Every structure is written in structure tokens, then in C-alpha cells.
Amino acid sequence: MKASKRDLLRKLDSYNLTEFQKLVLKETLNIEKGEVLTYKQLAERIGHGKAYRAVGSALKINPLAPMIPCHRVIRSDGTLGNYSGTGGSRRKRELLASENAIAS
DNA sequence: ACCGTATCAACTA
DNA sequence: TAGTTGATACGGT
């Protein structure tokens, strides 16, 4: 464990992110292993609710891509949506299959 | 299944 | 300030 969640939060504050972005990223870090939220659910969690679009934009700028469980955020349709990390949606699918054992 | 509209925040001209 | 885009959501056709 080199990067504690608290350290990541501190780093986020150091980046040139807006309050909204930081809010979304922090909430994403708060997602536990085995927890999968939809963009809408995440938006509602931070109190914006209908800002699912802005939430997606926030995750895509995510400076700690591999450290933040952004792969645990999927679409309401049950599809994985997109992923800015290595391998794109393919990698995301494997991560979810490994952590949450999603149904293929 | 496909298209249009709704809604929010950030980026660029 | 205005216009466009985006890792979406939902309803109508």
C-alpha cells in the first residue's frame, strides 16, 4: 500500500481540478471493492443527481486513473461504458470480472 | 433498434 | 459570452 486513500485525496487537491471534479473523484475513491455504481447513481451520491454527464467528464480527466476505481462506474444499462485507461473498455471488463465477478 | 431531447460542467474561439 | 463536446439517461417512433 504505497498510496493511501488519504494521500490520493491530498493529491487531488493539488491538481488543477475544479471543485466538482474533485468531488466526483473523491466519491469514486470511496467506492469499495465489489461495489459498482452507475454514472447516475454516482451523480446522485454527490448531490448533483442529474449531472451524470459532468460526472463522466470528471472521471475522464481523472489524474490518478489506475489508482482510482473508475472502472467500478458503469452505465445504467448495465454496459461498462467507456474507459480512459489502458485497454479501454476491454481492460475495464476484466477488472470488473476480477473484482466483482460480473456476468459475462 | 434508432433518433431526439434533457441536463450539467468544462473547454475553446 | 456563445457554441461545442462528453466515459449518460430516458422517452418517443
Side-chain angles (χ1 to χ4, degrees):
Chain A
M1 258 330 229
K2 16 196 88 202
S4 305
K5 187 156 63 178
R6 198 169 86 183
D7 286 331
L8 296 179
L9 293 172
R10 190 172 158 182
K11 286 190 176 188
L12 286 176
D13 193 52
S14 204
Y15 284 93
N16 289 330
L17 306 174
T18 63
E19 297 299 306
F20 190 82
Q21 299 291 61
K22 287 193 275 189
L23 188 63
V24 174
L25 292 170
K26 286 176 186 176
E27 197 59 49
T28 306
L29 281 170
N30 204 55
I31 303 177
E32 302 173 47
K33 180 185 174 207
E35 177 97 358
V36 258
L37 302 176
T38 68
Y39 293 100
K40 195 175 191 181
Q41 292 293 310
L42 184 56
E44 290 196 14
R45 233 184 197 198
I46 61 179
H48 282 245
K50 296 192 275 185
Y52 27 77
R53 288 283 200 119
V55 170
S57 294
L59 291 178
K60 98 177 159 185
I61 70 150
N62 149 356
L64 305 169
M67 312 192 196
I68 291 183
C70 49
H71 56 266
R72 293 190 187 138
V73 188
I74 62 176
R75 297 215 326 203
S76 59
D77 301 282
T79 49
L80 305 182
N82 214 324
Y83 187 62
S84 299
T86 313
S89 54
R90 195 184 88 128
R91 176 74 174 176
K92 182 170 180 176
R93 183 172 174 150
E94 297 207 15
L95 285 165
L96 287 170
S98 211
E99 297 176 2
N100 301 300
I102 59 172
S104 59

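Bear in mind the structure is a predicted one, so any value in this text is a computation, not a measurement. Chain letters run A, B, ... following the sequence lines, proteins first, then strands; residues in each count from 1. Side-chain atoms are counted along with the backbone in the values below, which use heavy atoms only and exclude waters and symmetry mates.
- In DNA chain B, stems built from 3 or more consecutive Watson-Crick or G-U wobble pairs, each with both distances under 3.5 Å, span B:1-6 with C:8-13, B:8-13 with C:1-6.
- Look at A:R91 and A:E94 and you find no salt bridge, because none of the NZ, NE, NH1 or NH2 atoms lies under 4.0 Å from a carboxylate O.
- Whole-Å rounding puts the A:K40 NZ to B:dC8 C1' distance at 13 Å.
- In terms of polar N and O atoms assigned as donor or acceptor, the side chain of A:S84 comes within less than 3.5 Å of the base of C:dA7 in a complementary pairing.
- Summary of the strand contacts: A:Y52 and A:F20 both lie near DNA chain B, and taking for each the nucleotide with the nearest heavy atom, the more 5' one is attributed to A:Y52.
- For A:Q21, taking side-chain heavy atoms from C-beta onward, the closest of the listed nucleotides B:dA10, B:dC8, C:dA7 is B:dA10.
- In this structure, CG on A:L9 lies 9.0 Å from CG on A:D13, to the nearest 0.5 angstrom.
- Computed from coordinates, the A:L42 CG to C:dG6 C1' distance equals 16 Å when rounded to whole Å.
- Counting heavy-atom neighbours within 6.0 Å of A:D77 CG, excluding the residue itself, gives a total above 12.
- Atom CD of A:E44 and atom C1' of C:dA9 are 11 Å apart (whole Å).
- Tested against A:H71, the residues A:L95, A:N100, A:L59 include a single side chain to side chain contact (heavy atoms under 4.5 Å, CB included) partner, A:L95.
- If you measure from atom CG of A:D77 to atom P of C:dA7, you get 16 Å, rounded to the nearest angstrom.
- Here B:dA9 presents its P atom at 16 Å from CG of A:L17, a figure rounded to the nearest Å.
- Not one side-chain nitrogen or oxygen of A:S57 sits closer than 4.0 Å to the OP1 or OP2 atom of B:dA9.
- Nucleic acid contact for A:S89: none, since no nucleic acid atom lies under 4.0 Å from a heavy atom of the residue.
- Close to C:dC10, at under 4.0 Å from its OP1 or OP2, lies a side-chain N or O of A:S76.
- Below the 3.5 angstrom threshold, one finds a donor paired with an acceptor across the side chain of A:Y39 and the base of C:dA7.
- Taking 4.0 angstrom as the limit, A:R75 places none of its side-chain polar atoms (N or O) nearer than this to OP1 or OP2 of C:dA7.
- For B:dT7, neither phosphate oxygen OP1 nor OP2 lies less than 4.0 angstrom from any side-chain nitrogen or oxygen of A:K50.
- Ion pairing between a basic and an acidic side chain is recognised when a charged N comes within 4.0 Å of a carboxylate O; A:K33 and A:E99 show no such pairing.
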